[in-house]
Structure formats: C-alpha cells, structure tokens
Amino acid sequence: MALHFRTRLRLAIGFLVFITVAAMTVSVAIILARDLVRQYQYMGATLTQLANRNIEYGLSLPTLAHQRIQRQMVIQANSVAELVAVAESNDSITREDLSEMLERIVAGAGAMNSLSFFDEISVTDEHGRLIASTEGPGHTIETGEADVENMPSFLGLLEPGAGSISHAYQPRQLDGKHYIYVGVTGVDKPRIIQVGIGDESIQGHIEDIDVQDMLERFHLESFRRIMIITEDGRLTARVEPPGEDEENASLRDRVIELGKNYLASGNPQPLLMSIKTTGGAFYDVDFGVFTRMVAHPTRPPSALFIQHNTSAGFSHIVDRVVLVVAIGSVMILLGILVGMFMSHGLSKPLLALSKGAREFGRGNLNYRIYLKRKDEFQGLAQGYNTMAISLQEYMHELEQESAQRERLESEVRIASDVQRALLPEHAPVLEGLSVTGWSQPSREVGGDFYDFIDLGDGKIGVALGDATGKGMSAALMTTECASILRTFARDISQPRELLARTNAEFFRQIGHTHKFVTLSYIVYDKATGKATYASAGHPAPILVHSATGQTERLTCEGSFPLGIDGNATYKEYEVTLEPGDVIVTYSDGFTDAQNHDAELFGEERIVTLLESVVGQPVTAIARALRESTERFMNGKEAFDDMTVVAVGYRMENGDER
C-alpha cells in the first residue's frame with residue numbers, strides 16, 4: 001500500500017537525522033582513536049629526541065649548556081639593568097645601597113637549588129667607572145682606572161644602540177678561575193651591567209641534567225611507564241608506577257625482550273605494543289611505543305619505550321561517543337516531531353497546488369490558487385496564477401500572430417513568385433552562342449539575379465548581380481538594380497559606360513541605405529567571337545579554353561560595387577573566344593558554400609570542376625557545378641544565394657540553349 005506524502009516526509013526526516021547522527025558518532029570515534037594513536041607515536045618520537053639530547057649531554061652538550069647559560073644570563077642581566085634604572089631614578093638610593101641590593105639578588109638566587117645564573121654583578125657608568133658591585137668569591141674589583149682595564153671588551157656597550165656581549169667559558173686574569181661573563185647596556189642611559197657565573201655554579205647546572213632525572217621530570221599521568229633499553233638488554237634509565245613491583249618486574253622483562261628484538265631488526269619506524277591493564281572494560285588496554293634513539297660510537301644502540309595511559313584516552317573517547325549518542329537521540333526525537341509538524345504544513349499547500357495542476361491539465365485556465373501564507377508555496381501559487389493568466393494572453397496573441405504569419409508567408413510566396421518571374425524565362429537562342437543560367441536563393445526570396453539583354457546586330461548582354469544581405473531587402477535591391485540596368489542597356493552598348501550610368505542612378509536611389517550590389521556585365525558578339533566585359537566588384541569570370549582544356553580567370557581590376565560611390569568609374573576589357581570556349585560567371589554563394597566541417601567550397605574546386613567538363617554543353621557545365629556544390633554541402637543549408645551563367649562560342653555539340 002502506498003504511503004501518503006505526510007508519512008513519507010516524517011520517515012524521511014527521521015531517517016536522515018538518524019543517519020546523520022550515526023555517521024557523526026562513527027566519525028568522531030574513528031577520528032579520536034586515529035588522532036590518539038598518532039599522538040602517542042608523535043609523543044614517543046619527541047620524547048626520544050629529548051632523551052637523545054640528554055644522553056649525549058655528557059659527551060657533546062657542555063658547549064650547548066654554556067650557550068644556554070649565557071642566554072639565561074642575558075635575561076638576568078637585562079632584569080638587573082631595569083632594577084638599576086629604577087634605583088638610579090630614586091635620589092634617596094646611594095651607590096652603597098645599590099651594591100647591597102645586588103648582593104641580596106645574588107644571595108637569593110644562589111639559595112634556589114643551584115639554579116642561579118650569576119655569582120657576581122657589577123655596574124659601570126658611562127665613563128667606564130664602577131658605581132656598584134657585589135663581592136665575587138675571593139676577590140674584589142677596585143674603582144678607578146683599573147675598571148676599564150678589567151673589562152675592555154665591554155666598553156662597546158656604552159655606544160648608542162648596543163645590545164649584549166658575552167665572554168666564553170674561560171679562566172679570568174684576576175684569579176685564574178673559570179667564569180662566564182655577560183654584559184648588557186643600561187635602560188635609560190649608557191651603562192655596563194656585567195653579570196658573571198663561576199665554575200662551581202656552572203657545574204651545578206650541568207650536573208642537574210642526566211637521563212634518569214630527565215625521565216623523572218615527565219608527568220606520569222600521560223605516561224604510565226618510561227624506559228631506555230640498550231641492544232644488550234640493559235636498562236639505562238626507567239620510571240615506573242610505585243607500589244607495583246611484581247607487575248613492574250613482569251612487564252619489564254617483556255619490554256626488554258621486545259626492545260632487544262626491535263633494535264636487532266633495524267626497523268627505523270616506531271613499534272607499538274599492547275599492554276592489558278587491570279581494568280575490566282574492553283578498552284582497558286595501554287599502548288607502548290618503541291622509538292629508536294640516535295646511535296653513538298661509544299655506546300650500544302638504544303631505544304626509548306613509553307607506555308601511554310591509553311585506557312584514559314579510550315575512556316575519554318567512549319564518554320564522547322556516549323554524549324554524541326545521547327545528543328543524537330534527542331535530535332532524532334526532535335526530528336520526528338519537526339517532521340510531523342512540517343508534513344502537516346507542507347501537505348496542505350501541496351494538495352492545493354496538485355488540484356491546480358489537474359485543472360491546468362484539463363485546460364481550465366480560469367482556475368486560480370489562493371494560499372494564506374508567506375513562503376515558497378505562496379510564490380508557487382502566484383506563479384501558477386501568473387502562468388495561467390500569461391498563457392491565456394499568449395493563446396490570444398498566438399492566434400493573432402498566426403493570422404499575421406499566414407498573411408506574411410502569403411506575401412513572401414507572392415514575392416518569390418514575382419522574383420522568379422523577373423528572371424529570364426528561358427535562355428535566348430542565338431546562332432553561334434550557347435547560353436544557360438540558373439539561380440537558387442537561400443531563402444524564399446534572394447539577392448542574386450541574372451539577365452540576358454538582346455542588343456541587336458548579333459550581340460547579347462549577359463548580366464549577373466549579387467546584392468548585400470539576404471531575404472526581402474536584398475530582393476528589392478536586385479529588382480531595382482536589374483530594372484535600371486535594363487533601361488540604360490537599350491541605349492548604351494559599352495559595358496563600362498553602362499555600369500557607370502547604372503551606378504549613378506542606383507546610388508541616387510539607395511545610397512542612403514549603405515547597401516550595394518556587385519555586378520558582372522559581358523557583351524558577346526556572335527559574329528566576331530569577341531566578349532567585352534566590365535565588373536563592379538564582382539568575382540572575375542572564368543574562361544574555359546576548349547583547345548587546351550585549361551581555365552583562365554579574366555582580368556578584372558578592383559572596382560566599387562554599385563551604390564557605394566555615385567561617381568565611380570569602371571574599366572572595360574575584351575577577350576576573343578575560340579570555337580568551343582566557354583565563359584562562366586557565378587556569384588559568391590558557390591565559393592562560400594560550406595560543408596559540416598565549416599570548410600569552404602572555394603575557387604580552386606570550381607576551377608578543377610570546370611577543367612573536368614571541358615567540351616560539354618553549357619547546360620551540363622552549369623548542372624555539374626550545381627551538383628558538385630550540393631554534394632560538398634552534404635545536406636547542409638546554403639549560406640548564400642547561388643547563381644551561375646555559362647556562355648559558349650560555336651560549341652561543336654550544337655547546344656545553343
């Protein structure tokens with residue numbers, strides 16, 4: 001049984017909420033667990049690096065320790081400089097008081113578990129004279145000129161913009177004891193704040209760092225157990241939970257054995273080890289991580305083992321998952337309630353829209369939908385009503401446009417019939433000349449025309465014109481041009497003069513339209529075989545020699561088409577035809593014809609075709625050109641009008657049509 005939309009909507013919303021919560025829960029668990037393992041591996045690698053640095057300290061770190069002490073001394077010296085600046089700004093504090101303050105600072109720092117970074121302090125004024133100091137171990141610093149001699153390398157601190165200067169760990173001239181000295185400049189005036197630390201304090205700092213002490217400093221809430229194992233099974237250092245001797249001993253043997261195998265394998269990647277804890281939950285398992293430490297020529301290879309308190313991390317993950325599930329359950333319940341509310345609010349307007357669609361399908365365009373709400377459904381209802389009204393208006397306009405289109409199509413058909421009637425009904429019959437012509441517009445009416453004009457005395461004028469554009473406007477232009485040409489041709493026999501007169505009159509009538517017509521005009525004399533021709537921007541005619549079977553493009557220098565310049569002049573040319581020669585004139589609809597790959601038919605194909613039909617009747621030549629072009633286009637609609645006229649002189653086949 002099909003479910004109602006309201007029920008399906010409730011189920012869909014509840015299911016989507018459930019899937020979302022489940023996906024979030026699983027994603028949270030996976031991400032937290034993955035991040036926890038990565039964190040343990042990263043922490044193990046980081047701790048290994050720290051341990052390496054401390055283990056190598058005894059052999060290679062004293063210099064670095066001295067540098068660290070010097071950096072700390074610079075910090076302490078800057079603090080003393082601040083104190084000196086404050087004390088000097090107080091007129092009630094004497095130099096003796098300042099010296100006592102410095103002595104108390106040294107004494108207080110020395111009492112902090114050998115972590116003092118200075119044993120003595122001295123302050124020198126801008127002239128290099130001692131103004132305050134503490135007593136060093138077994139020596140004193142005198143005032144006077146000797147002040148400058150005792151610390152000449154610190155005099156640069158009296159210069160503007162000075163920073164800090166440090167003396168390396170070395171014996172001093174005063175008593176031969178090893179010291180490190182650091183000097184900084186004053187805060188608000190040139191001063192030399194000199195801080196020194198002796199060998200005893202330095203060694204205290206160095207001895208304060210060893211491997212076991214380093215391990216004991218780590219907080220065991222995150223690390224339950226830390227060990228350093230050598231390749232021969234010795235524990236260099238270890239930190240274990242107190243009060244678990246038996247358990248520690250058992251696990252210690254496992255760690256040593258696995259650590260030896262890990263070092264022997266040569267594996268550079270961290271190694272994981274699972275350790276069951278005393279808890280009863282499934283996630284009460286810790287992860288141990290072995291990481292390889294940096295090898296040293298004087299010690300056997302070693303590895304750092306860290307047992308992470310993984311059960312606490314897993315417990316945290318479980319708590320978060322439970323929290324997500326609890327929140328998700330509430331969301332599912334809310335989703336169901338929201339789905340019930342939304343389904344009721346959605347189904348009512350959908351029913352109204354459904355009824356409107358049925359009425360629309362029945363053709364009842366007078367039906368309207370009314371909803372008392374301000375949301376997308378109200379917009380749909382208004383859209384339906386608007387669509388119905390628009391469709392009614394469109395149907396009315398369509399009826400009017402259909403009637404108007406029928407009238408226009410009728411007029412176009414009449415114009416097409418008229419235009420075809422204006423073309424020669426048949427080719428003239430003249431002894432010694434074979435004439436044929438053909439024209440095909442790309443639309444109902446076109447912009448091409450051709451005409452045969454009987455000039456008397458055995459002469460005939462052949463015209464072929466092509467107007468810019470296509471359709472009705474081009475047809476009107478060709479009609480006007482052909483009419484003017486035929487009118488003047490009765491009185492003018494020279495082609496160049498005829499074109500000039502026709503152009504002047506044509507420009508006068510249509511020059512303001514910026515349109516034009518290209519025209520080729522040839523006068524044939526059947527008695528002499530001479531062809532006199534002129535061109536107004538039209539492609540040059542092609543002469544096909546019957547004797548050689550080759551073609552020749554007749555000379556036609558560039559000239560203005562008709563209708564561009566009313567004062568344009570044109571040149572006239574003459575060619576003598578041999579028996580069997582044919583002159584072919586055509587419009588650019590042939591050269592601009594395209595196939596489905598947008599390739600043009602072009603002049604080369606026309607020349608090749610004409611050379612292949614040498615000696616055939618002119619009607620066959622025109623038909624061959626037409627059929628070759630149609631095959632090239634392969635069903636593609638013609639882009640422009642196509643017109644061709646062929647005239648042959650004394651054809652042996654006797655074709656004179």
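Quantities reported herein were computed from a predicted structural model and do not represent experimental measurements.
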* Sequence neighbours left out, what passes ring-ring contact (aromatic ring centres under 6.0 Å, His included) with F507? Give chain and number order. => none

* Asked: Counting only heavy atoms not in F632, do more than 12 fall under 6.0 Å of its CZ?
  -> yes

* SB check E599 R605 (cutoff 4.0 Å) -> yes

* To do: Work out which heavy atom in G537 is nearest to a heavy atom in T518; give both atom names and the distance.
  => O-CG2, 3.5 Å

* Do the numbers put R626 on top of the ring of W438, so that NZ or CZ is under 6.0 Å from the six-membered ring centre and no more than 45° off the axis? -> yes

Check residues 452-463 and write down every donor-acceptor pair under 3.5 Å in which the side-chain atom is one partner and the other belongs to a residue at least two apart or another chain.
residue	atom	partner	partner atom	Å
D454	OD1	G456	N	3.1

* Kindly write out the residues that satisfy ring-ring contact (aromatic ring centres under 6.0 Å, His included) with Y586, not counting sequence neighbours, or none if the list is empty. => none

* To do: Compare every heavy atom of Y521 with every heavy atom of A489, then report the nearest pair and how far apart it is.
  => CB-OH, 4.3 Å

* Less than 4.5 Å apart, any side-chain heavy atom of F449 and any of S439? -> no

* Check I542, V544, L577 against I583 for a side chain to side chain contact (heavy atoms under 4.5 Å, CB included) and give me the one that passes. => L577

* Structure fact -> Smallest heavy-atom separation, P495 atom then T532 atom, equals CG-O, 3.5 Å

* Beyond-backbone contact of L464 with L519, side-chain heavy atoms, under 4.5 angstrom -> no

* Asked: Do H538 and S520 have side-chain atoms, one donor and one acceptor, less than 3.5 Å apart?
  -> no

* Go through the steps to decide whether M651 and L433 satisfy the test side-chain contact (heavy atoms from CB on, under 4.5 Å), and finish with yes or no. => CA-CA 7 Å; M651 305 291 289; L433 292 177; over 6 Å; no

* Answer with yes or no whether the side chains of H545 and E578 bring together a donor and an acceptor at under 3.5 Å. => no

* Minimum heavy-atom distance between Y570 and P561, given as atom pair plus value -> OH-O, 3.9 Å

* Any side-chain heavy atom of E431 within less than 4.5 Å of one from K526? -> yes

* To do: Measure from the side-chain N and O atoms of N503 to the backbone N and O of G563, and report whether any donor-acceptor pair falls under 3.5 Å.
  => yes

* Structure fact -> Here the gap from T629 atom OG1 to N595 atom CG, rounded to the nearest 0.5 Å, amounts to 12.0 Å

* **Approximate separation, where rounding is to 0.5 Å, of Y533 OH and R496 CZ** => 13.5 Å

* How would you list, by chain and number, every residue that makes a ring-ring contact (aromatic ring centres under 6.0 Å, His included) with F560, sequence neighbours excluded? -> none

* Quick one: list whatever passes side chain to side chain donor-acceptor pair (under 3.5 Å) with D466, sequence neighbours left out. => none

* Asked: Picking from V614, V644, T436, V582, what satisfies side chain to side chain contact (heavy atoms under 4.5 Å, CB included) with I621?
  -> V582

* To do: Grab the two heavy atoms, one from D448 and one from S587, that are nearest each other, plus how far apart they are.
  => OD2-OG, 2.9 Å

* For the atom pair CG (L609) and OG (S628), what is the distance rounded to the nearest 0.5 Å? -> 5.0 Å

* Would you give the length of the straight line joining atom SG of C481 to atom CD1 of I510, rounded to the nearest 0.5 angstrom? => 8.5 Å

* Asked: Are E603 and R553 within salt-bridge range, i.e. N to O under 4.0 Å?
  -> yes

* Side-chain heavy-atom pair V618, V647 within 4.5 angstrom cut-off -> no

* **Cation-aromatic face contact R501/F488, 6.0 Å, 45 degrees** => yes

* To do: For T502 and L562, run side-chain contact (heavy atoms from CB on, under 4.5 Å): C-alpha distance rounded to whole Å, both residues' side-chain angles, the deciding distance at 0.1 Å, then the answer.
  => CA-CA 8 Å; T502 302; L562 305 181; 4.1 Å; yes

* Inter-residue atom distance I484.CD1 - T479.OG1, 0.5 Å rounding -> 11.0 Å

* pair L610-V584: side-chain heavy atoms closer than 4.5 Å -> yes

* To do: Check step by step if side-chain contact (heavy atoms from CB on, under 4.5 Å) holds for D640 and D588.
  => CA-CA 8 Å; D640 199 359; D588 59 5; 3.2 Å; yes

* **Residue pairs passing the side chain to side chain donor-acceptor pair (under 3.5 Å) test where at least one lies in residues 554-565, sequence neighbours excluded** => E557-K571

* Hey, what do you get for CZ (R650) to CG (D581), rounding to the nearest 0.5 Å? -> 12.5 Å

* **Side chain proximity check, T528 to T576, heavy atoms < 4.5 angstrom** => no

* Taking all heavy atoms of T643 and all of F590, pick out the closest pair and write down the distance. => O-CE1, 3.4 Å

* To do: Evaluate side-chain contact (heavy atoms from CB on, under 4.5 Å) for F601 paired with T591, printing each intermediate quantity in order.
  => CA-CA 5 Å; F601 189 72; T591 57; over 6 Å; no

